[in-house]
Structure formats: C-alpha cells, structure tokens
Amino acid sequence: MKESEIEILERQGCFSSDWSKVEIADGTDLSKIRNVYFSGPVKVGKDAVIINVPGGLSNVRIGDGARIVNVARIENTATPAFGLGIDVAVLDETGTRPVRIYPGISAQIAAIAARMPEYAREKLIPMTDRHISEIAGNLKDMPEIGANAEIRDCGPIIDVRVWPGVKIEGAARLKNGSIVNNAWRDGLSVKSQELSVKDEGVKVKEGIAYVGHGVDAENFIIEDGMVSGGSLIRDTYVGQGSVLDKGFTSHDSLFFANCSMENGEACAVLAGPYTVSMHKSSLLIGCQTAFMNAGSGTNMSNHMYKLGPVHWGVLERGVKTSSNSYLMHGSRIGAFSLVMGEHKTHPDTSEFPFSYLFGDKDGSTIVVPGAMLKSFGLKRDGEKWPKRDRRLGHGIKLNDRMTYSILNPYTTDMILRGIETIKSLKADQAEEDGFINYKGLKIKPTSLEKGLRLYQLALCKYIRSIDNKEISEPSKRGADSNEGWIDLLGYVISESGFNAALNAGSVEEMEAALDNSALGRGKDLRLELPLTEIEKGALEFDAMVENDRTASVDQITRENDMLSLS
C-alpha cells in the first residue's frame, strides 16, 4: 500500500502492525474502511465496505462489494476446513454411523451413509473424501468473505467461508463452517456437484442463505438455508430451503430440503425433506424422518442406561405425532401413521402403514390399521408439499430428490405386506383383553377387518392412478418389476436403481445413478380383482376421502358458529 493510503486509513481509526500484509484493490473508496484492526494478511476487494472491526481481520480475503459493519473480529486460522468433512453422528449418536458433510450433499447420500455404516466405511467415505478434496481445491481461490456478502452487528467469525450474496445479521458467534449460496452463478458454477471458480463476471442473484440474530454455530454447513432467532447449532448441516428459528437447538443433525424447526431440540436426527417441529418442549432424538410433523411436547428417548445412547428409530415418510406423544427407540413407525400417547415397547409398525397408533396405560402400542387412509389430510399433504418448496425460484440446482405422491410403489408395497399380515392374523383368537397380539402390538379383530378393506381400496386407487393400459386382468407384474422398492429419505427408488448407485465409483457417479432412477410403477399388487371392481374400489376410496373433507368442513362451520360474537 502507498504511504498516502496508509495515512488515510490511520486517520480513520484503522491500524496494522504490518501494513505490507494488507492489500486493498485499486479504486476502492478508502473512506468506507474505518475503525478496522488489520491483524494479519488481508486482501480487500474492490468497492468493499469495512467499518468497525475492533478485534481484527486476520488471514482473510474479502470479495468485491462485500459489506462488513460492526463485527467483533473475522479470522481464519492456518488451515481452516470451513466445515467441510465434519462427521455428523446421526441416529445412534455414538459416531458409528457418521455422515461426512460437504456443500451439495444430498439426502439420499446421507441416508446411505447413515443406514449402511459398513458400506460407508469401506467405500462411501473414501469416495466422499476425494470429493471433498476436489471441492476444497476448486474453492481455494474464492475469497473467504464472498462478493457482495453482507455481515453486520456480529460477534466473532472464525474459520467461516461466507459465499457471495450471503447476508449475516446479528450472529453471536460462528466458527468452522460454510454458508453456501448456490444462487450465485456467474462467479461460481455448480453442475453435478462440480464446483469451479471464475475470476470475472461476478454477479449475485437473490439467494436464501441467511444467518440471523443471536445464532451461535460451530462445525456447520448452511446451504441455501436460513438459521436465525438465537438458534444454537453444533455439528449440523442445514439444507436447501430449511429454516431453523426461534431458539431451536441442534447437534449432530442433518436437515434436508424444506425442513422447518423452531423452539425445540434435535439430537442425532437424520431429517429428510419437510420434517417440521414448531413447538417448545419437543425433542427429536436418534431418528430418521421425512415429511414428518411433530406435535407439541413430542418426546423420544434413545438411552437405556446400559450401553449408552445406541438406540435409534425410523419414522417412515409422513408420520405425525400428537401433542405429548412419546417413543422409546429403537422403533420403526409405518408410513403416514399418527402416533398418540406413550409407546415404550420399541414398536415396529412398518407392516401397518397409514395407521392410528395409540399408547395404552402400560406403554404398549395399539394399532388401528389403515385408519389414516380415510383422512382428507393425506390428499392435502400431497398437494401442499410441492407448493411449499422454498428452493424454487432461485435458480439453484436442487440437491435432494423427492417423491411427493402419497400412494407410490413403496407405500403400496407396505400396504401389501399389511394385507398379508392381516389375513394371517384373522385366524387368531383375541386374548382376554380383547386384542390380538402381534410382535408386541395390540390389534382388535374388528380393526383387522376394517383395515383390510381400507388397504384394498387404497390399492384400487393406486392401480387406477397409473397407466391402465399396463394393467391386465387380474393385475400382473411387468417384466421388469419383480423387485422391491426403497424409500431413500423421501425418494422412492427401485432396488435395481439403488444397487446401481451403490456400485458407483465416485460421489458424482452415485448422484447421477440416483438421478437416472426414474420412479417405476410397481404393478404387481397381487389384487386378484377384475378391472371393473378396481374402478369401483377407486371411486369408493375417492368418495370416502371426500366425505371426510365434507364432515371436517361442517365441523369447522359449527365451531365457528358456536364461537361467533353474534
């Protein structure tokens, strides 16, 4: 720097023990750099604004047009990782199922890492390490505080990469992380997880990456997501369109597309798309979720005080928990079920999707198979999720794949299992308490009959929803559909598609295999009915759901009339 420039900065309250380590781009308005302590190597881009950084700028590059105002200090240590490669100890909380995070990680890759730990150790983690090394190499020339980023009224920021266009307001402390804005395209192209830096043509599009007041974050990646309202996060990934707010606390958890988390707490949670917890005193711990809604006071436990917090559970897609519900892990809750009361027997209700699950006074689980299928709320869910995708409209590559349909090859396969189980249980005698016991679950004989009918109607609805030209009479499998289906954290995929992903030689190839795994039809429904009966059953299903909608509207009308002032 020129002596005249140093004199200007010093008159404006700036100081450095070694001005030779400070580089400011030509043409920058020095009047907009005031009260800054340059405590180490610093490179400032053109038109940057830096005001009041008393704790110092050290080992940091600041991009063109960035604004830094009232920040305690910004520092990068000798070899900052910026959150890349952190192992997040999801599910069993002990670190035996780590998910190694990086910008661009998808819910599907994370699910494979967590649910298949041996495969992850032998193959996926080495591939991930190579991928992370490539990302770090491609980002090495990018300023740590990106072009047009805005940081104001914050505490210390240490070893944090702030991507171009990111806004940070009032954060309490940020350490070892990345705040990723994929809406910035002209300066950084992101295609198939390949990141490359361009030195010119910097432009910033409106993004959704944001960190707000009171946030205390350490060991994190926030990618096209928002964290605010005094949230406290440790060892956490916040994915595209996800929001953590109102004092939410998270450690060792992953939140993928469009999660909404407020007030409560998450620990060792693998949260797939649209996981929602909005209430105080709600604890999600040691579990996998997707399209889930947690009622107020939802609670879980993963510690039997014997071997440590090694228990974990799976809440399959669409599970809802009522107020003050409780689950003791390990447990597996079937898709689109409603959990009410306390469940202390490690229930596995995966064979009974779309069910009501009641906890009795002893903590046992009472199952009402298929009861949720009557609810208009399911149809509403399937319609509202695509409309509430916060990722859309920002021009970003979508990391997470989603299957929105309520009835799909996976859920219908689970319905088929439920039908087989119900048929086998119908021959059993109820015990003295009036329940049939199955794998620790309690089911009333009348519930079996009603559940069987509901499952059959749902299958009729599903068959009618797919291409009728491919349905023979009775329904038979297609030549390529002798396989099962997997719900890979919100994305329904065939076994062959899943295996193709596992056989990939790199993270990029794995993601490409998942992209190429189109949702199939799952035609073998083993429902030996003529097409006329299938059509009749589908119409009955639609009428049942419409009746529930009408009844609900009528109930709301009566309530509003009762509460009216007039």
Side-chain angles (χ1 to χ4, degrees), residues 45 47 63-67 82-84 101-110 131 134-135 138-139 141-151 160-169 177-212 220-228 237-244 254-260 272-274 384-404 490-491 507-508 511-512 514-516 518:
D47 297 326
D64 295 346
R67 297 177 61 86
F82 302 116
L84 273 67
I101 61 174
Y102 52 87
I105 187 172
S106 67
Q108 287 67 50
I109 295 291
H131 187 64
E134 292 174 2
I135 291 175
N138 288 330
L139 292 176
D141 294 328
M142 187 170 111
E144 289 80 18
I145 308 300
N148 289 12
E150 182 174 352
I151 308 172
V160 176
R161 184 185 293 281
V162 180
W163 281 41
V166 168
K167 189 172 185 178
I168 306 173
E169 295 179 294
S178 289
I179 306 168
V180 180
N181 173 25
N182 285 315
W184 185 61
R185 273 292 183 272
D186 294 304
L188 183 72
S189 62
V190 185
K191 297 179 180 178
S192 302
Q193 314 307 318
E194 181 181 351
L195 291 83
S196 60
V197 174
K198 298 178 182 178
D199 294 325
E200 298 180 357
V202 176
K203 294 181 182 178
V204 179
K205 297 181 180 179
E206 182 182 0
I208 47 179
Y210 175 78
V211 176
F220 66 93
I221 294 177
I222 300 168
E223 181 168 9
D224 301 320
M226 295 172 278
V227 181
S228 191
Y237 173 85
V238 181
Q240 295 178 313
S242 286
V243 177
L244 275 59
L254 310 172
F255 302 96
F256 291 97
N258 299 310
C259 291
S260 295
Y274 292 96
K384 77 182 182 185
W385 284 322
K387 297 176 182 177
R388 297 183 180 181
D389 193 339
R390 286 186 287 257
R391 304 173 301 169
L392 304 181
H394 297 279
I396 61 176
K397 179 183 181 298
L398 306 185
N399 295 334
D400 304 327
R401 304 155 188 85
M402 285 181 261
T403 302
Y404 288 113
Y491 179 59
V507 170
E508 293 87 350
E511 296 282 16
L514 292 167
D515 284 337
N516 292 330

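Residue numbers run from 1 in the order of the sequence given. Bear in mind that the values here come from a model prediction, so they are computed numbers and not experimental data.
The aromatic rings of F256 and Y237 sit tilted relative to each other, their planes meeting at an angle between 30° and 60°. Classification of the H131-Y102 ring pair by plane angle, with boundaries at 30° and 60°, yields perpendicular.
Counting only heavy atoms from C-beta outward, the side chains of Y210 and I222 never approach each other to under 4.5 Å. Contact of the V227 side chain with the F255 side chain is not registered, since no non-hydrogen atoms from C-beta on lie closer than 4.5 Å. Two residues are said to be in side-chain contact when any heavy atoms from C-beta on lie closer than 4.5 Å; V243 and R390 meet this criterion. F82 has its side chain out of reach of I179: every pair of non-hydrogen atoms, C-beta onward, lies at least 4.5 Å apart. Residues D224 and N181 form a side-chain contact, since some pair of their non-hydrogen atoms from C-beta on lies under 4.5 Å apart. A heavy-atom distance below 4.5 Å is found between the side chains of W163 and N182. With contacts defined as side-chain heavy-atom distances shorter than 4.5 Å, the pair D64/D47 does not qualify.
Of all the heavy atoms in P386 and L392, the pair that sits closest is O-CD1, 4.3 Å. Taking both residues in full, the closest heavy atoms of V180 and A209 are given as O-CB, 3.3 Å, listed atom of the first, atom of the second, then distance. The two residues S178 and L84 come nearest to each other via the heavy atoms OG-CD1, 3.8 Å.
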Would you check, one step at a time, whether the test side chain to side chain contact (heavy atoms under 4.5 Å, CB included) holds for M402 with W385?
-> CA-CA 10 Å; M402 285 181 261; W385 284 322; over 6 Å; no
Walk me through it: do R161 and M142 pass the test side chain to side chain contact (heavy atoms under 4.5 Å, CB included)?
-> CA-CA 9 Å; R161 184 185 293 281; M142 187 170 111; 3.9 Å; yes
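A side-chain hydrogen bond (donor to acceptor under 3.5 Å, both in side chains) with N399 is found for exactly one of E223, E511, R391, namely E223.
The main-chain N or O of L514 is never found under 3.5 Å from a side-chain atom of Q108 such that the two would form a donor-acceptor pair.
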